[in-house]
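We count residues from 1, following the sequence as given.
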Amino acid sequence: MAIRYDLWISPDNIERHRAVEADLERYFIARFADYPHIRLFGDDPYDYDAPFNRLYDVLIARANDYCEREWGYVPTPIQLNQAFFRGVAHSNKFLRDPGNDVDPDRPDAH
């Protein structure tokens, strides 16, 4: 198996990796704007057919293609995942159900 990921091939090219990661985050935020508001995470966060989970799979695949086409760069799955969730954090398209994202067994849960 050949190493494909640019981060692994040239780990010292930090400036390029950071530029691609920042562009990926912007890419995701722009794609989120194409959708109506999306609820996080609903009754079952592990429901793979839930809109958020389907959106994740589709946009990760599209972002990977985008990177290869626009940058000539193959991102690692971790780079894609982190950029996706940074985009979620900075987008106004996601709605959170009150109280559903807190582990009730956690000591600092409200």
Side-chain angles (χ1 to χ4, degrees):
M1 182 172 135
I3 295 175
R4 294 187 60 226
Y5 305 123
D6 284 59
L7 181 64
W8 294 2
I9 292 170
S10 57
D12 295 332
N13 196 347
I14 295 168
E15 186 176 318
R16 183 165 190 242
H17 302 310
R18 298 263 195 273
V20 169
E21 291 164 1
D23 188 47
L24 275 172
E25 184 178 336
R26 288 188 298 273
Y27 174 86
F28 284 122
I29 291 171
R31 299 297 75 74
F32 298 150
D34 296 339
Y35 294 89
H37 285 87
I38 300 164
R39 186 161 304 284
L40 294 178
F41 287 98
D43 293 333
D44 182 3
Y46 302 105
D47 175 4
Y48 295 108
D49 290 326
F52 178 79
N53 293 325
R54 287 193 317 265
L55 178 68
Y56 174 86
D57 289 339
V58 168
L59 289 184
I60 289 291
R62 289 181 186 170
N64 190 60
D65 292 343
Y66 167 80
C67 262
E68 290 189 46
R69 185 178 63 253
E70 296 297 319
W71 286 87
Y73 186 99
V74 180
T76 66
I78 291 172
Q79 286 174 296
L80 290 165
N81 186 65
Q82 288 175 339
F84 179 88
F85 284 104
R86 280 194 308 268
V88 168
H90 294 121
S91 173
N92 63 357
K93 298 302 281 192
F94 294 92
L95 305 172
R96 294 171 56 179
D97 289 337
N100 281 359
D101 59 346
V102 175
D103 179 359
D105 297 326
R106 206 173 71 199
D108 61 341
H110 304 215

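- The aromatic rings of F32 and F28 sit parallel to each other, their planes meeting at less than 30°, with 60° as the upper class boundary.
- Taking the side chain as every heavy atom from C-beta outward, P75 and N64 approach each other to under 4.5 Å.
- Cluster annotation: V58 is not connected to L24 through the hydrophobic network of ILVMFWY side chains, with a link wherever side-chain heavy atoms come within less than 4.5 Å.
- Counting all heavy atoms, side chain and backbone alike, C67 lies closest to V20 at SG-CG1, 3.7 Å.
- Sequence neighbours left out, the pairs with a member in residues 20-32 that pass salt bridge (Lys or Arg N to Asp or Glu O under 4.0 Å) are D23-R26, E25-R86, R31-D34.
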**OP:** Apply side-chain contact (heavy atoms from CB on, under 4.5 Å) to the pair L7 and Q79, showing each step before the final yes or no.
**Re:** CA-CA 9 Å; L7 181 64; Q79 286 174 296; 3.9 Å; yes
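- One hydrophobic cluster holds both V74 and I3 under the rule that ILVMFWY side chains link at heavy-atom gaps under 4.5 Å.
- Residues I78 and L59 fall into different hydrophobic clusters, defined by Ile, Leu, Val, Met, Phe, Trp and Tyr side chains chained together at heavy-atom separations under 4.5 Å.
- The 12-atom threshold is exceeded at CZ of R69, counting heavy atoms of other residues, nucleotides or ligands nearer than 6.0 Å.
- Residue I29 is not grouped with residue L80 when hydrophobic side chains (ILVMFWY) are merged at heavy-atom distances under 4.5 angstrom, including chains of intermediate members.
- In this structure, CD1 in I60 is found 11.5 Å from CG in D65, a value given to the nearest 0.5 Å.
- Counting heavy atoms of neighbouring residues, nucleotides and ligands inside a 6.0 Å radius, atom CZ of R16 exceeds 12 of them.
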